[in-house]
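A quick write-up on the structure given underneath.
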Amino acid sequence: PCLRCRPEQAPGLALVDSPQVLAQHAARMLDAAAREGNDIALPDVAARLGVTDRHLRRIFAAAHGVTPIDYLTTQRLLLAKQLLTDTELAVADVALASGFGSQRRFNAAFAERYRLSPSALRRERVSAHARNAPQLGARLRLGYRPPYDTRGVVRFFADRCVPGVESVDRDSLSLRRTLAWQHHQGRQIAGWLAARFLPERHELEVAISPSLASAAGAVVQRLRQGLDLDADPAPIDVALASLPGPPGVRVPNGLCGWEVAVRVILGQQVTVAAARTLTARLVERFGEPIATPFADLTRLFPSASKIARAGAEDIGTLGIVRQRVGALQALAREVAAGRIELHRGAPLERTLDALRALPGIGEWTVQLIAMRALAWPDAFPASDIGVLNALKTRDAKAAAAQSEAWRPWRSYAVMRLWQSLETGT
């Protein structure tokens with residue numbers, strides 16, 4: 001693209017937009033590698049998807065018109081262009097945050113594609129905001145396709161807000177939270193981010209703490225998934241026209257698949273308020289303290305490795321029943337060991353099967369994790385009490401049969417059904 005265009009701000013493709021779902025899975029994995037700064041080999045991608053690398057190259061080129069390596073390089077360069085244009089990060093930090101192993105490789109790729117150096121693109125002036133408030137770190141703008149039910153998304157997070165980790169302001173449509181990230185160099189970095197919806201511009205304005213600057217690409221990817229910014233509402237709204245709800249309903253996920261899965265497990269057979277209380281106790285006991293410019297952000301969500309190492313009795317004293325403790329620690333061990341990955345680039349069926357094999361995790365939990373941690377648009381927890389109440393039935397099989405008409409957007413149907421209970425529509 002020409003340098004006047006801003007394709008890096010535009011929403012990406014939803015997972016089911018392409019008929020070549022396998023190629024789309026590969027694109028997601030490559031995009032994750034680009035934004036998280038990880039090296040990734042095509043044979044590894046093919047092996048995770050259960051195909052040969054030759055077959056993957058063929059279907060990828062047919063679906064996307066480019067080779068996987070060209071796609072990966074383009075994603076990294078688009079992210080770098082956004083960081084160069086919208087932030088004051090040093091060029092070396094931009095190279096790292098956009099997934100290039102060195103500034104030399106970054107400069108060479110940039111010069112080859114854009115015929116100029118990264119520093120030539122960088123605006124010479126430093127914004128007054130950056131001069132006067134350097135503690136606010138990098139600022140970015142992320143676009144989304146309208147319509148977008150901002151009120152519904154903000155209300156969803158506000159109802160589940162855990163003190164110390166996150167803060168939500170319904171009036172200003174803003175969210176803040178702490179975040180830890182396992183850096184690709186093997187060290188953990190932590191900080192905070194603040195996001196505010198700008199409905200008139202169809203954008204999300206994001207501020208990232210300086211401590212997370214080297215992981216800016218990963219943070220952007222997490223935000224895009226967590227707030228479902230890449231969804232295309234047009235086909236979704238048409239498919240779900242028979243259900244109540246405003247246009248542009250989204251599926252709020254989370255910025256960490258592990259955290260989302262923990263919240264789902266703690267929400268088994270209890271109310272939203274009770275699950276929030278249990279999560280707050282877990283954070284208070286096991287979450288590491290962190291200093292931020294915000295008085296209401298004081299702790300990080302506990303890591304999988306910390307929960308795996310904790311004593312079951314210590315977790316049980318928080319009011320969490322033994323079965324939930326067993327499920328939490330079983331999942332924590334798998335996530336900490338890397339045997340289960342919880343993000344939208346993870347292989348779906350393999351991940352769901354691995355979750356089903358864990359003690360204390362039934363189909364309701366699996367479907368909600370698929371919906372909110374793996375960002376799968378067609379998940380459907382048929383036994384969910386909210387879904388059954390909205391459908392005015394107690395028959396989970398009947399609810400599942402009715403949901404067939406909403407494929408492949410059943411996750412969005414669930415959100416509409418939940419909202420109908422909250423708003424009385």
Side-chain angles (χ1 to χ4, degrees), residues 11-29 31-32 48-51 59-60 62-64 144-149 152-153 156 224-254 257 260 264 341-353 355-356 363-384 386-388 390-391 396-420:
L13 291 175
L15 194 58
V16 296
D17 283 346
S18 171
Q20 295 283 1
V21 176
L22 190 64
Q24 206 54 10
H25 270 298
R28 291 295 185 192
M29 295 170 68
D31 189 55
R48 290 178 60 184
L49 295 175
V51 298
I59 64 171
F60 197 97
H64 301 290
Y144 56 81
R145 297 178 182 90
Y148 188 109
D149 181 24
V153 169
F156 183 92
R224 299 211 74 94
Q225 175 179 337
L227 299 178
D228 201 9
L229 299 181
D230 291 335
D232 184 353
I236 299 172
D237 288 347
V238 170
L240 305 181
S242 62
L243 293 176
V249 166
R250 296 302 206 268
V251 179
N253 296 286
V260 169
V264 170
E341 297 182 10
L342 298 172
H343 55 77
R344 65 179 177 180
L348 180 71
E349 292 302 329
R350 189 184 308 172
T351 303
L352 299 188
D353 289 342
L355 290 171
R356 292 185 182 104
E363 193 60 25
W364 177 87
T365 304
V366 168
Q367 291 298 314
L368 280 183
I369 291 176
M371 173 180 166
R372 299 199 52 233
L374 305 181
W376 185 246
D378 200 35
F380 190 76
S383 62
D384 181 79
V387 169
L388 295 177
L391 294 176
K397 290 184 178 179
Q402 188 174 350
S403 75
E404 291 297 313
W406 306 323
R407 285 186 180 272
W409 311 111
R410 293 188 298 174
S411 294
Y412 295 87
V414 171
M415 291 305 304
R416 285 199 175 212
L417 294 171
W418 284 350
Q419 285 194 13
S420 70

Using the rule given for side-chain contact (heavy atoms from CB on, under 4.5 Å), can you reason through Asp237 versus Arg416, listing the C-alpha separation, both sets of side-chain angles and the distance that settles it, and then say yes or no?
CA-CA 10 Å; Asp237 288 347; Arg416 285 199 175 212; 3.1 Å; yes
Q) Is any side-chain heavy atom of Val387 closer than 4.5 Å to a side-chain heavy atom of Trp418? A) yes
Applying side chain to side chain contact (heavy atoms under 4.5 Å, CB included) to Ala413 and not counting sequence neighbours gives Leu240, Leu243, Trp406
Side chain to side chain donor-acceptor pair (under 3.5 Å) filter on Ser383, not counting sequence neighbours, yields none
- Task: Could you tell me whether Asp228 and Arg344 have a side-chain N and a carboxylate O separated by less than 4.0 Å?
- Result: no
Interatomic distance, CD@Gln419 vs CG@Asp149, rounded to 0.5 Å, equals 5.0 Å
Please tell me if the side chains of Leu352 and Leu374 come closer than 4.5 Å, counting only heavy atoms from C-beta onward. yes
* Does the distance from a Lys or Arg side-chain N to an Asp or Glu carboxylate O, for Arg350 and Asp353, drop under 4.0 Å? -> no
Glu349 meets the side chain to side chain donor-acceptor pair (under 3.5 Å) criterion, sequence neighbours left out, with none
- Task: Decide side-chain contact (heavy atoms from CB on, under 4.5 Å) for Val414 and Gln367; before the verdict, give the C-alpha distance in whole Å, the side-chain angles of both, and the deciding distance to 0.1 Å.
- Result: CA-CA 11 Å; Val414 171; Gln367 291 298 314; over 6 Å; no
Looking only at heavy atoms, the pair that brings His64 and Ala23 closest together is NE2-O, 3.4 Å
When rounded to the nearest 0.5 Å, the distance separating CD of Gln225 from CG of Asn253 is 5.0 Å
ask   = Do Thr365 and Leu355 have side-chain heavy atoms sitting under 4.5 Å apart?
value = no
Value for CG (Asp230) from CZ (Arg145), rounded to nearest 0.5 Å, stands at 7.0 Å
For Trp409 and Ala239, the nearest pair of non-hydrogen atoms, with its separation, is CD1-CB, 3.6 Å
Closest non-hydrogen contact found for Ala370 with Ala379 is CB-CB, 4.1 Å
Rounded to the nearest 0.5 Å, the OG atom of Ser420 sits from the CG atom of Leu391 at a distance of 8.0 Å
- Task: Decide yes or no for Pro377 and Tyr412: does some side-chain heavy atom of the first lie under 4.5 Å from some side-chain heavy atom of the second?
- Result: yes
Going by heavy atoms in the side chains, are Met415 and Pro252 under 4.5 Å from each other? yes
Closest heavy-atom pair, Pro233 versus Pro146, reported as atoms and distance to 0.1 Å, is CG-O, 3.5 Å
dist Arg407:CZ -> Phe380:CZ (nearest 0.5 Å) comes out at 10.0 Å
Between the CG atom in Asp232 and the OH atom in Tyr144, the distance rounded to the nearest 0.5 Å is 14.5 Å
